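Heads up: the structure comes next, in structure tokens.
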Amino acid sequence: MMISPKILIPIFSLLCIVFANNENLSEYDGLKVIRVLPVNHFQMISLLNIEDDIDFWRRPDQINRFADLMITPNNSQRVMQYLSSRNIGYEILIDNVRAIVQNERNQMAKIRKQLEMLRGSDITVGFWQSYQRYEAIENLMNDLQDKYPNLVHKINFGKSFEGRELNLMRIGANSNEKKPVIFIEGGIHAREWISTAFVTHFANRLLIGYENHEEDIKTLMETFDFYIVPLLNPDGYEYTHTKYRLWRKTRSTQKSSSCFGVDPNRNFGYEWGGEGTSSNPCSEIYPGTKAFSEPEVKAETDYIMNNLAGRALVYVAVHSYGQYLLYPWGWTDKPTPDNDRLDSMAKLATEEMAKRYSSKYIYGMSTKVLYAAAGAGDDWAYGSASIPYSYTLELRDEGYYGFQLPPEQIIPTSEEAGDGLIAMLLAIQKNDL
Ligand SMILES: [Zn+2]
């Protein structure tokens, strides 16, 4: 039977989708995520001792609290033996990482197809129904600047290791150099896609709210200038879209090793290289050869120091997952002199975050809630840049999907996190200004 060319084309494009979706998936074969529960100090230390060469999706934080780690066909036997010899209980959290990656790809391909027909000239239509690539995020910034020329200014602040432009958006009404600054950092860890999605959603929410004369948003836009970095680690982020979904670090090359990348959230120059880091360049928590070795971290911190010093009032680094709102210190268990103030704002924000969808966010000082991690952005912002309100926000979920949060959760996650942030900023505006 002859097949007409008209039929051949759709069959061919269908095959392309199938092949594209299967590309490189064998890398995920046999990967599992297990959840462990340390119930005493010895078990806790035992887990921290293997942090060097195991990919912890959620770090061991406290006795009697779960940690999640990914095991591979190469290390699963060794890890299981290690755990059982120390009586550390575990359960399988994700039995088949490959299936989740496959599912995520299929879902995103389907949504992309539907949106192509819908979108037209407005890039924001459907933008938060799926996770976006670097180029789309750049286009979003351009389009928002075109659409709201008096409210949005796109600013280049450097280049990534692989040469991608690092850009941020300044958003505010009547922006000027006297307004206090809210600095929001998204996308520092490559695989935490929801971070960039939330940060861009929040930017758009401010703009729409201002245009619609929403009282709270109007107050914030008139009081503050927002500096929003949607994607601080574009090289790692693109790598998660094209090569390996679970990449965390930057993509810089290392002189002493064939392993790539540095954990950028251990690369900030405040108590750099202390607890919760590893000198092994292959480790997920490798802080680099020195503080600010990563051009992305260097560019962001230079920009803050050179342009926003003295004006920056709030810094929020957005990550996933676990549902936490944390404040310094992360390098020591001693509280900062501002502990009460930081704590009351975090309490208020997390209460607000729970209102819309009953999501529970845990708040507290980093080392009280989690284990120490030196060289992170929030400690640098508070300790070196003297930004009085410094936070790390870990978005959804609590571990069911981990980093591969389904696209249909982008909007609800962004809404609830945005609610918390808005409430906190209004309170800061009332109390401090
Ligand atoms: Zn992170």
Side-chain angles (χ1 to χ4, degrees), residues 33 51 54-61 66-70 131 160 183-200 202 228-241 244-252 261-268 270 272 275-278 283-288 294 296-297 300-301 315-328 330-331 361-364 366-367 369-381 390-399 401-405 409-410 413-414 417 421:
V33 179
E51 232 196 331
I54 300 288
D55 184 3
F56 274 89
W57 282 25
R58 178 148 69 170
R59 300 187 64 218
D61 46 42
F66 297 114
D68 303 335
L69 56 100
M70 187 167 72
Y131 295 102
S160 70
F183 195 94
I184 303 176
E185 172 203 283
I188 187 171
H189 281 144
R191 62 192 173 187
E192 299 167 7
W193 288 1
I194 185 63
S195 165
T196 292
F198 160 62
V199 162
T200 50
F202 186 72
I228 299 181
V229 177
L231 186 52
L232 186 62
N233 178 11
D235 300 348
Y237 186 78
E238 281 296 289
Y239 193 78
T240 61
H241 279 272
Y244 184 57
R245 174 67 182 89
L246 301 169
W247 190 256
R248 163 183 167 93
K249 300 191 284 181
T250 60
R251 290 296 301 164
S252 56
V262 162
D263 181 346
N265 205 36
R266 302 286 184 279
N267 191 239
F268 289 76
Y270 192 84
W272 173 87
E275 274 191 68
T277 67
S278 162
S283 166
E284 297 293 344
I285 50 171
Y286 176 58
E294 300 313 280
E296 300 83 1
V297 175
E300 180 184 82
T301 51
Y315 166 94
V316 183
V318 183
H319 293 251
S320 75
Y321 60 97
Q323 299 180 197
Y324 299 108
L325 184 58
L326 308 167
Y327 54 83
W331 69 277
Y361 283 74
I362 295 168
Y363 69 94
S366 282
T367 41
V369 178
L370 307 175
Y371 239 75
D378 52 358
D379 276 6
W380 174 86
S390 175
Y391 291 95
T392 292
L393 172 60
E394 298 273 359
L395 295 169
R396 286 193 197 180
D397 59 5
E398 291 174 299
Y401 292 104
F403 303 114
Q404 290 133 309
L405 191 71
Q409 290 201 36
I410 294 173
T413 304
S414 300
L421 202 50

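All ligand and atom numbering here is 1-based and tracks the order in the structure. None of the values given here were measured: they were computed from a predicted structure.
Ring planes of His241 and Trp193: parallel class, angle under 30° (limits at 30 and 60°).
Between the side chains of Asp378 and Tyr270, no donor-acceptor pair is found at a separation under 3.5 Å. Judged by distance alone, the side chains of Ser160 and Asp235 do bring a donor and an acceptor atom under 3.5 Å apart. Judged by distance alone, the side chains of Thr250 and Glu294 do bring a donor and an acceptor atom under 3.5 Å apart.
His319 contributes ND1 as its N, O or S atom closest to the Zn ion (ligand 1). When the Zn ion (ligand 1) is compared with the N/O/S atoms of His189, atom ND1 turns out nearest.
The Zn ion (ligand 1) does not have Glu394 among its coordinating residues (no N/O/S atom, backbone or side chain, under 2.8 Å).
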